[in-house]
Trainee: 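Shown below is the structure under consideration.
These numbers were taken from a predicted model, which means no experiment stands behind them.
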Amino acid sequence: MKPAAESMRWVIAGLIMLTGWIAWLVYVVLPAHSSRLFGGFFLAIGVPHVIFYRRNGRKFFAKTQTSRPFVANFWARSGEKGIQLLFLGFGITLAVAGCVLIVMGST
């Protein structure tokens with residue numbers, strides 16, 4: 001298995017790609033539609049991810065370790081802390097996008 005410093009690169013790269021995609025979605029696609037509805041949706045998904053990131057990360061990591069060897073090894077590279085960071089980053093990204101969309105929809 002790789003050291004923890006190397007394994008976090010994939011988690012951080014995934015979060016950067018996710019954040020870029022959500023930013024593009026908020027800036028280009030959703031303002032033309034009902035942005036308050038999508039904002040509430042993103043906020044409703046993001047807040048539980050932020051609140052329960054440790055428990056969900058632990059559960060997800062445990063489930064992946066009982067999967068096929070390729071899947072187990074893929075997720076084992078980032079470790080339990082990396083998966084928890086992924087859940088936390090995912091939740092923060094969605095919660096911020098939801099707040100931005102709600103503010104944009106109310107103006």
Side-chain angles (χ1 to χ4, degrees):
M1 192 167 4
K2 295 183 180 184
E6 280 189 10
S7 64
M8 286 293 180
R9 283 191 237 166
W10 293 107
V11 173
I12 293 170
L15 285 174
I16 289 171
M17 289 176 51
L18 173 76
T19 303
W21 180 74
I22 292 289
W24 174 80
L25 194 66
V26 167
Y27 183 73
V28 175
V29 177
L30 294 180
H33 304 295
S34 176
S35 61
R36 288 180 71 195
L37 175 70
F38 284 109
F41 178 72
F42 284 163
L43 196 58
I45 292 174
V47 169
H49 271 82
V50 170
I51 294 172
F52 301 114
Y53 77 95
R54 284 189 180 159
R55 185 179 67 163
N56 290 341
R58 230 177 297 132
K59 282 183 176 181
F60 184 79
F61 183 75
K63 279 185 180 180
T64 60
Q65 295 310 299
T66 60
S67 299
R68 295 181 177 146
F70 174 74
V71 175
N73 290 336
F74 176 79
W75 288 108
R77 285 186 180 171
S78 59
E80 189 174 318
K81 296 286 184 187
I83 292 174
Q84 289 176 353
L85 178 67
L86 187 68
F87 273 82
L88 180 64
F90 184 64
I92 289 172
T93 301
L94 288 177
V96 168
C99 290
V100 167
L101 285 171
I102 289 173
V103 168
M104 284 174 49
S106 65
T107 57

Trainee: Taking C-beta and beyond as the side chain, do Phe41 and Leu37 meet within less than 4.5 Å on heavy atoms?
Mentor: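 Result no, sub-4.5 Å side-chain heavy-atom pair not found.
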Trainee: Distance check, rounded to the nearest 0.5 Å: Gln65 atom CD versus Asn73 atom CG?
Mentor: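 That separation rounds to 8.0 Å.
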Trainee: Among the clusters formed by ILVMFWY side chains lying less than 4.5 Å apart, do Val47 and Phe38 turn up in the same one?
Mentor: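 Each belongs to a different hydrophobic cluster.
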Trainee: Identify which one of Leu94, Leu86, Thr93 satisfies the side-chain contact (heavy atoms from CB on, under 4.5 Å) criterion when paired with Phe90.
Mentor: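 The single option meeting the side-chain contact (heavy atoms from CB on, under 4.5 Å) with Phe90 is Leu94.
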Trainee: Is there a path of hydrophobic side-chain contacts, each under 4.5 Å between heavy atoms, that joins Phe87 and Val71?
Mentor: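 Yes, Phe87 and Val71 fall within the same hydrophobic cluster.
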Trainee: Let me confirm one number: the CG-NE2 distance from Leu88 to His49, rounded to the nearest 0.5 Å.
Mentor: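 Atom-to-atom, Leu88:CG and His49:NE2 are 10.5 Å apart.
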Trainee: Distance under 6.0 Å and angle within 45° of the ring axis: does Arg55 meet both against Phe52?
Mentor: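 Output yes; distance and angle both within limits.
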Trainee: For the residue pair Trp75 and Phe61, what are the closest heavy atoms and their distance?
Mentor: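 Reported closest heavy-atom pair: O-CE1, 3.8 Å.
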Trainee: For Glu80 and Arg58, indicate whether the former's side chain and the latter's backbone hold a donor-acceptor pair under 3.5 Å.
Mentor: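 No, Glu80 side chain to Arg58 backbone: no donor-acceptor pair under 3.5 Å.
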Trainee: Shortest non-hydrogen contact from Met8 to Leu85?
Mentor: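 Closest approach of Met8 to Leu85: SD-CD2, 4.1 Å.
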Trainee: Does one hydrophobic cluster hold both Ile45 and Trp24, with members joined at side-chain heavy-atom distances below 4.5 Å?
Mentor: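 Yes, because Ile45 and Trp24 connect within a single hydrophobic cluster, where side-chain heavy atoms sit under 4.5 Å apart.
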Trainee: Please name the pair of heavy atoms, one in Lys63 and one in Thr66, separated by the smallest distance, quoted to 0.1 Å.
Mentor: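 In this case the closest contact between Lys63 and Thr66 is O-OG1, 2.9 Å.
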Trainee: Testing the basics here: between Val50 and Ile92, what is the closest heavy-atom pair and its distance to 0.1 Å?
Mentor: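 Heavy atoms only, the tightest pair is CG2-N, 3.5 Å.
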Trainee: Side-chain heavy atoms under 4.5 angstrom apart, residues restricted to Ile, Leu, Val, Met, Phe, Trp, Tyr: same cluster for Val103 and Val100?
Mentor: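 They do not share one cluster, since no chain of ILVMFWY contacts under 4.5 Å joins Val103 to Val100.
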Trainee: If you take all heavy atoms of Ala97 and Phe42, which pair is closest and at what distance?
Mentor: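 So the minimum-distance heavy-atom pair works out to CB-CD1, 4.1 Å.
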Trainee: Please say yes or no: joined through hydrophobic side-chain contacts below 4.5 Å, possibly via intermediate residues, are Met17 and Leu25 part of one cluster?
Mentor: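 Different clusters: Met17 never reaches Leu25 through Ile, Leu, Val, Met, Phe, Trp or Tyr contacts under 4.5 Å.
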Trainee: Minimum heavy-atom separation for Cys99 and Leu43, please, with both atom names.
Mentor: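 For Cys99 and Leu43, the tightest heavy-atom pair comes out as SG-CD1, 3.8 Å.
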Trainee: Donor-acceptor check, side chain of Gln84 to backbone of Tyr53, threshold 3.5 angstrom: yes or no?
Mentor: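 Absent.
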